[in-house]
S.K.: 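Let me give you the structure first, and then I'll get to my questions.
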Amino acid sequence: MTGPAMFRDPEHERRFRRDGYLAFPGLALGVLEQARSIYATAPTGEAVPVGTYFAAEEAAADRTWRRRMAPGEQWRISTDECLPEERVRIKEAMAPLWAEIAEPLFVDYHSVINSFLTKYPGPESFLPLHQDPTVVDERVQRSVTVWLALDDISRARANGPLHVLPGSHRCGHEWRGTRTDPSYLTGLEELWGRAVAVDVSAGDVLCMDSAVLHGSPPNASDGPRGAIAGVFAPRSAQLVHAVGIEGDQVEVWGVDEDFYLHHSPGSLRKQLPTGYPVIDVTPRADPPTTAEALLAQQHFERTWRGRQHARLARAKARLLGR
Ligand SMILES: O=C(O)CCC(=O)C(=O)O
């Protein structure tokens with residue numbers, strides 16, 4: 001993975017490039033109450049069904065959630081459920097908070113998309129492993145999803161902790177937009193077996209490369225759990241939206257911040273706007289991020305890292321004369 005630095009701190013940069021995610025415990029504690037009150041102004045308006053994420057959506061209802069390709073009905077994301085003016089209001093309300101907690105982490109990034117995420121209790125509140133939409137040309141630059149936990153969210157609480165597949169942002173390159181079914185969809189159940197839970201407390205912040213696979217199991221507790229996510233892009237980047245066309249190719253549209261205020265993944269699935277310039281036509285997946293490739297990567301990196309770790313421990317012991 002190449003491209004300009006994302007984080008100001010070189011150690012953050014190194015770990016983020018390696019793992020595709022990085023936790024900042026307590027980073028948002030100072031703005032937590034403010035964030036909670038912004039989130040409490042729940043969006044209303046045009047509700048866009050979240051039922052059909054991908055064309056390959058399963059028909060059978062009896063499959064386990066780990067095999068499901070679209071979020072359950074008890075998972076809600078405000079981006080898909082509010083009117084453009086509400087997206088503007090949320091963006092304006094969140095701007096000072098992001099300026100305080102997130103922007104100082106990055107070299108020169110700004111928030112492009114803001115979402116309130118709610119996982120209601122129940123078996124249909126799972127969120128499948130997925131990559132976030134492509135908002136910049138990831139062949140040259142990267143976007144980062146900043147996830148702010150409003151509650152303690154953990155395995156111990158059984159309220160659907162976030163899971164990530166470490167390093168998966170480095171496995172293949174796929175454009176993610178409208179009519180772009182990912183290549184890993186048929187292997188979700190096995191991939192869940194490799195995903196790592198990230199337990200957090202309210203006020204913790206997790207940064208994720210938009211291409212790292214992440215998702216969350218159902219919320220088995222008795223209360224909803226909330227989070228706010230912002231997708232951050234380099235200020236210098238041309239914002240894009242990918243639209244799948246015949247031959248497993250995509251049109252890459254050049255868009256602006258307003259595009260993401262007026263449209264959401266759900267509204268774009270229903271109706272595509274016209275008039276945006278096509279700045280590239282290119283294969284959707286090159287190379288594809290298949291489940292097989294992801295599993296092979298997990299296997300290789302875990303065993304390789306394990307061997308490295310043991311080697312370092314032996315060298316350290318030798319140096320200390322133990
Ligand atoms: O809250 C979650 O479980 C996942 C959030 C997510 O997928 C995102 O912010 O992109």
Side-chain angles (χ1 to χ4, degrees), residues 16 20-24 28 35-36 39 42 50 53-54 65-66 68-81 87 90-91 94 97-98 101-102 111-136 138 142-155 157-166 168-169 176-177 182 184 188 191-192 195-221 223-233 260 264-266:
F16 189 81
Y21 70 102
L22 192 56
F24 293 90
R36 281 181 172 148
Y39 168 90
V50 291
Y53 252 45
F54 304 116
W65 66 265
R66 286 184 184 77
R68 304 270 293 271
M69 299 170 188
E73 291 284 307
Q74 290 160 313
W75 159 260
R76 315 302 303 183
I77 177 162
S78 66
T79 347
D80 273 346
E81 301 197 11
R87 289 193 204 108
I90 292 169
K91 185 170 182 171
M94 284 304 296
L97 277 66
W98 293 138
I101 61 161
S111 85
V112 177
I113 305 173
N114 286 270
S115 314
F116 295 163
L117 314 165
T118 310
K119 195 185 270 291
Y120 289 101
E124 288 295 314
S125 59
F126 58 86
L127 176 67
L129 285 174
H130 65 282
Q131 300 173 306
D132 286 339
T134 310
V135 299
V136 296
E138 291 176 349
R142 310 295 288 200
S143 60
V144 180
T145 301
V146 179
W147 184 81
L148 191 173
L150 299 177
D151 296 301
D152 296 347
I153 305 173
S154 64
R155 283 164 290 178
R157 289 193 175 259
N159 56 355
L162 193 62
H163 282 59
V164 294
L165 199 62
S168 50
H169 62 304
R176 309 169 306 273
Y184 53 76
L188 286 179
L191 293 172
W192 269 112
V196 171
V198 185
D199 295 330
V200 293
S201 301
D204 287 0
V205 167
L206 190 75
C207 291
M208 290 179 282
D209 188 298
S210 298
V212 83
L213 267 86
H214 61 286
S216 46
N219 177 357
S221 76
R225 63 87 156 162
I228 300 180
V231 176
F232 283 70
Y260 288 108
S264 74

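Both ligands and their constituent atoms are indexed starting at 1 by order of listing.
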S.K.: Would you check if Pro217 and Phe126 make a side-chain contact, meaning some heavy-atom pair closer than 4.5 Å?
M.R.: no
S.K.: Are His214 and His130 near enough that their ring centres are under 6.0 Å apart?
M.R.: yes
S.K.: Return the closest protein heavy atom for atom 8 (C) of ligand 1 as residue, atom name and distance.
M.R.: His214 NE2, 3.6 Å
S.K.: Enumerate the atoms of ligand 1 whose separation from the nearest heavy atom of Asp132 is less than 4.0 angstrom.
M.R.: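 Those atoms are 10 (O).
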S.K.: Answer with yes or no whether the side chains of Thr145 and Asp132 bring together a donor and an acceptor at under 3.5 Å.
M.R.: yes
S.K.: Can you tell which part of Arg225 has a heavy atom less than 4.0 Å from ligand 1: side chain, backbone, both or neither?
M.R.: side chain
S.K.: Without hydrogens or angle criteria, can the side chains of Tyr39 and Ser78 be said to hold a donor-acceptor pair below 3.5 Å?
M.R.: no
S.K.: With backbone taken as N, CA, C and O and side chain as the heavy atoms from C-beta onward, which portion of Phe126 lies under 4.0 Å from ligand 1: side chain, backbone, both, or neither?
M.R.: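 Within the 4.0 Å criterion, Phe126 makes no contact with ligand 1.
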S.K.: Taking Ser221 for its side chain and Gly223 for its backbone only, find out whether a donor-acceptor pair lies under 3.5 Å.
M.R.: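 Side chain of Ser221 to backbone of Gly223, a donor-acceptor pair under 3.5 Å: yes, one is there.
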S.K.: Give the numbers and elements of all ligand 1 atoms closer than 4.0 Å to a heavy atom of Leu117.
M.R.: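 Those of ligand 1 that fall under 4.0 Å from Leu117 are 1 (O), 5 (C), 9 (O).
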S.K.: Against heavy atoms of Leu162, which atoms of ligand 1 measure under 4.0 Å?
M.R.: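 Near Leu162, meaning under 4.0 Å from one of its heavy atoms, ligand 1 has 2 (C), 3 (O), 4 (C).
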S.K.: In the protein, which heavy atom is nearest to atom 3 (O) of ligand 1, and how far is it?
M.R.: Ser216 OG, 2.6 Å
